[in-house]
Each structure stands twice: as structure tokens, then as C-alpha cells.
Amino acid sequence: MKKLSPSECAAQCKVIRRHIIEMLCAAGSGHPGGSLSATELVTAIYFHFLNQDPAQPEAPDRDRFILSKGHGVPVQYACMAERGYFPVSELATLRKIDSRLQGHPVKGALPGIEASTGALGQGLSIACGHALAGQLDGAAFRVYCLLGDGEINEGQVWEAALFAAHRRLDNLIAIVDANALQLDGRCTEILNIEPLAAKWTAFGWHVIELDGHDLPAIYAALEEALAHRGQPTCLVARTVKGKGVSFMENQVEWHGVAPTAEQARQALAEIG
Amino acid sequence: MGSSTLKLGRATRDAYGDALLELGASRPEVVVLDADLAKSTRTGKFQQAHPERFVDVGICEANMVGVAAGLAAAGKTVFCSSFGSFLLCKAFDQMRMAVAYPGENVKFVGSHGGITLGEDGASQMSVEDFALALGLPGCVVVHPADEVSAKELILQVAAQPGPAYVRVGREKAPLLYADASGVKLGQARVLREGTDVGLVACGMLLGPSLEAAELLAAEGVQAAVVDVHTLRPLDTATIARVAEATGALVVSEEHLTTAGLGAVVAQATASTCPVPMEFVGLSGYAESGAPDQLLAKYHLTTADVLAAARKVLARKR
């Protein structure tokens, strides 16, 4: 695959954001906020870092991308369509009956989806299993796992964090899309998860804190994570929920509501 | 225990340990996970023989099941163990989302099943594990009664892909099978033919069912006894045949009667050969005590099966 530079990736992110708005509007439901906050992170992974052939998404030596915050799947579907896993036209089937594009990721429904998620807190454990298999077999593949800062309220995430550090799974990279909002309100008000970087460090991880919309910073952090040995790496990516659409940014209400046709027109005009 | 005429064998958890050793030697893709109970579940034997393929995840059942799913997705055959109660109750959502829904090749083996683990008390006892495992579509559900069938059924479970739950027990169990020939996953085994009443059971209730059949025979009542070691896929044909031949069934299990073997057998016969049925099993949580005392107090003895048989025979007339 052609690996996009950070500036090329920025242009790709616009396309991805447009898909997110269009597909959610067509679906009439879904989660725009957490899809838009993760756009740079997921696009950088799919268009530069993930060693995966869209024609052979089950090759044993592939890198894995596991979306633990399953409600953010529109950004993943958009990236996969643009990378050629399936036709872009299929994005319009999101959440509709008989679609391969389920409301939350379903392994087996769509080639390239590695885990069924949506019950929060489970993806990092599954990612640990893949990483452990790679370690046991001496395989070179890497495992990327995207989590939400609300999601990691779930205790299982911290079981997995302990496990990955204990087993020295340095082929595993966790990325926390820290957009500071969860469904019911601000993370600091619902169940304060900060200080995030200090927590992951205390759990034995190599931690990189960064601006999750700054593509050169994302590229540098992922390169650093890939080179780091002896520990798993966690990127604490500070993001803005609803990023790129002014009326959605930092608004709790846009966690799980689809834009109307008029709102979508406005959003697309802003994204450009 | 609970059966004076049958020779006592080893516990079914010991047979699990043996099966894992055999699988470890012949199949390099087998990986075993445990949540800090390896000594109790008997996965410790595999740990000693194949330390590189054994992972003690610590006391983290939810994470263990997720890790198992990831390993299975990467091509491993994964055995995943804890006490049945902790595995099913603490990690059910992980069993659902990460294993059953995608159909991963993970074999759950829950030890210390039922109440016969004894003195440790109700927190350790799985009385609802069949119900939960049956709530996972596509998951094979097995509860072997003795060491011979336990080892054989675990080997057969390992030989086919997809999720499975096997309950094994802490206590020594009466030997029902001289050898493993004829022990087939998904095939109920008629241990005794009969024409008047069918005593259907699994696990520790087979001993009392066989004894009850002996006592009934002395009164001229011919009771069939059936070992339904596989709750899913259920051998509906054999159960229907016994129901038709006897016209009355007693279903006995070391589990809540509301949602275990009794429930699936009743559902099966309802659509094949409805007959009067009685149920021997648990109605709630138990307590600390010696296994025999617990079986007596919670009505899982030969006398209880016998009483249920008399009741169903009366209803039949």
C-alpha cells in the first residue's frame, strides 16, 4: 500500500469525516462524536501504519486493529472503504437490515473486523490474546487497540493493562481517544479517570501523551511505540469529541445522535 | 459418594488434567489459561509439562476470556479454566461477546461444579452454570459423570472447533464406564434399560439414579437410567425413545432445576414425546458442609430420586 504522509493523511481525514457525517445521516442513528474525535488516529493507522492487505484481511501475519470503543465504528468503516476492503457505496448501508456494516463491529460480518465489540471494555483483552499469540509464535505482527476514555471506566481494561505489562507485550499499542466526554457528561464529572498518563505508567506501560488531531505528532508517537521494546505502549491522545463540526465539538449531546439532512449539509460545508 | 454399590473413581477434574497432558503432547497449538486456580482445576499438570504454553492470568476472569478469544482468533486451541462459578458468573459477557458471538475455538472448563465442593460454601458453588452456558448460542455444554467419560469427552470437545463449556467436579466420582468406547459427545448413554420409568441424569446424580433403579427393580419396577453428559447438542432421539418406552421421566442434576438439564429435557420431550416428569435438583444456594451432608440436606440422594420416581409413577397411572 502507499503510505500516506502526514499532510496527505490530513486530506484523507477530510474524506473520512465526510463519510462519517453522510453515513450517520443516512442511517438516522449512530455515534458521531466519538467517530470524529478518533478520525486522525484511525486514519493514520489505516493509511500509514497498519500492515494489512485489504484483499487478505485474515492473513496470519497481518497487523491487527481492534476497535474496543465499538460505537466509534463509522470511522473504521470509512477508512476500510477508502482503503479498498469494500466498496465506498456500501457505507450507505450502515445499521440497515442485512448490512455487513453493523451498528457496532461484528467479527465475521465484515472481513477485516477483528473483534465483536460494543459491550465496552473488552477489546484490549482480545488484543492481548493476539499479541500473546504473536509472542508465542515469534511472529512480527503488531496489534493496535483503540479505546475511549469513557470506556476505560470498565475494570476489565485495567486487568488487561496489568496483563500486557506483566507479559511484556511490546507488540501491542493501546491508543486512548481521550475526548473527555462520555454519554452522560464530562468524564471528570461522571467517573474521573485522570490522571490518565500517570495511571498507564503506573500499570507498567510506556506512555506517550499527545494531541490526537496533530498528525505529525501521531506519526511520531506511533513510530516511537513501534520501536519501544520490553513494554507495551499507550498513546494518551487528547482529542475533541465531534472534532471538525463546530456544533458537535465538545457537546455531550452529540455522543449518540445522528445529524439531520440539514445538519449534515452544514457539517459537510464546514469539513470542506 | 452417594452411591455405595459403585466403585469410586477419581474426580472428573483429575481426568481434565490428564486430558490436557495428552492434548499438550500431541497438539502444539493447545494453550491453557487459568485464573490463579491451577492447582485446584488441575491445569497445573499442563503447566508443569508445557510452561511455555500455559498462562496464569491472575485473578482476572474477564480478561482471561478476552485473551483466550484473541489467542483462538490467532489460531490457538485454547482451554480456559477457573471454578465454574467464577468463570460463568464473572466473565459471562466476555464469553458472550468475545467467544460465543464470533464462535471462537475456546474451551471453557469450570471445575468445582455444583455443591459437592463442600466446605468452602456457596460463593464457590456453581448452581447456575448450565443455565448460563446454555444461554450462549452455539456453545457445546458437557457435564461428565466419571473420570473415564470426562477425559474422553474433553478430548472429543478439543477435536472439534468452536466454543464449549465443560463442568468438572472436585470430589471423587463413582465409576460408570469401564472404558471410553461408546462415550460420544452429543450421545446420551443408556446405562440401564427399563420399561416403567426413565431416570435421566448427569454428573453426581447418576449414582443415585442407578441405585434407585436397583431398589425399584426389587419391587418389580423396571427403571431405565440415562447419562445425558451432553446438554448441548442434546440427544433428543435417545431421550424421546426412553420417554416413549417408559412413559414417565425423572430428571436429576446438581444444578438449579429451573434452567438446567431438566429444562432442556422437558423442552425436548414436549415436542417429541410428552410424558409426566419430575425433577430432582437445586432450588437455591447451598452452604458449607461435607459433600454427603449437603447432598442429603439439599435433596440430591438416592432417596430423593426414588421419591420422585414413585411420584411420577403415580401420575402415570
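Here is how names work: the chains are called A, B, and so on, in the same order as the sequence lines, proteins then strands, and each is numbered from 1.
- By the neighbour-count criterion of 12 heavy atoms within 6.0 Å, atom NZ of K96(A) is densely surrounded, having more than that number from other residues, nucleotides or ligands.
- Using non-hydrogen atoms only and a strict 4.5 Å limit, the part of residues 161-168 of chain A facing chain B consists of F163(A), R167(A).
- Residue with the most contacts toward chain A among A69(B), A98(B), G103(B), G58(B): A98(B) (heavy-atom pairs, distance under 4.5 Å).
- Annotation: the span from Q135(A) atom CD to E52(B) atom CD amounts to 12.5 Å, rounded to 0.5 Å.
- Other residues, nucleotides and ligands place no more than 12 heavy atoms under 6.0 Å from the CZ atom of R96(B).
- At a 4.5 Å heavy-atom cutoff, the contact between E104(B) and chain A is made by side-chain atoms alone.
- Interface residue V31(B): only side-chain heavy atoms are found under 4.5 Å from chain A.
- The greatest number of non-hydrogen atom pairs below 4.5 Å with chain A, out of G66(B), A72(B), G75(B), is found for G66(B).
- Annotation for Q267(B): atom CD does not count as buried by contact number, only 12 or fewer foreign heavy atoms lying within 6.0 Å.
- Within 6.0 Å of the NZ atom in K45(B), the count of heavy atoms belonging to other residues, nucleotides or ligands exceeds 12.
- The candidate with the highest count of non-hydrogen atom pairs below 4.5 Å against chain B, out of A115(A), A119(A), G134(A), A127(A), is A119(A).
- Within the 4.5 angstrom heavy-atom criterion, atoms from both the backbone and the side chain of A160(A) approach chain B.
- Of all residues in residues 143-159 of chain A, those placing a non-hydrogen atom less than 4.5 angstrom from a non-hydrogen atom of chain B are Q156(A), E159(A).
- Rounded to the nearest 0.5 angstrom, C128(A) SG and M64(B) CE are separated by 14.0 Å.
- With rounding to the nearest 0.5 Å, the separation of CG in L136(A) from NZ in K76(B) is 5.5 Å.
- The OG atom of S125(A) sits 12.5 Å away from the CE atom of M97(B) when rounded to the nearest 0.5 Å.
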Practice task
Go through the steps to decide whether L71(B) and H130(A) satisfy the test side chain to side chain contact (heavy atoms under 4.5 Å, CB included), and finish with yes or no.
Solution key: CA-CA 5 Å; L71(B) 283 164; H130(A) 281 277; over 6 Å; no

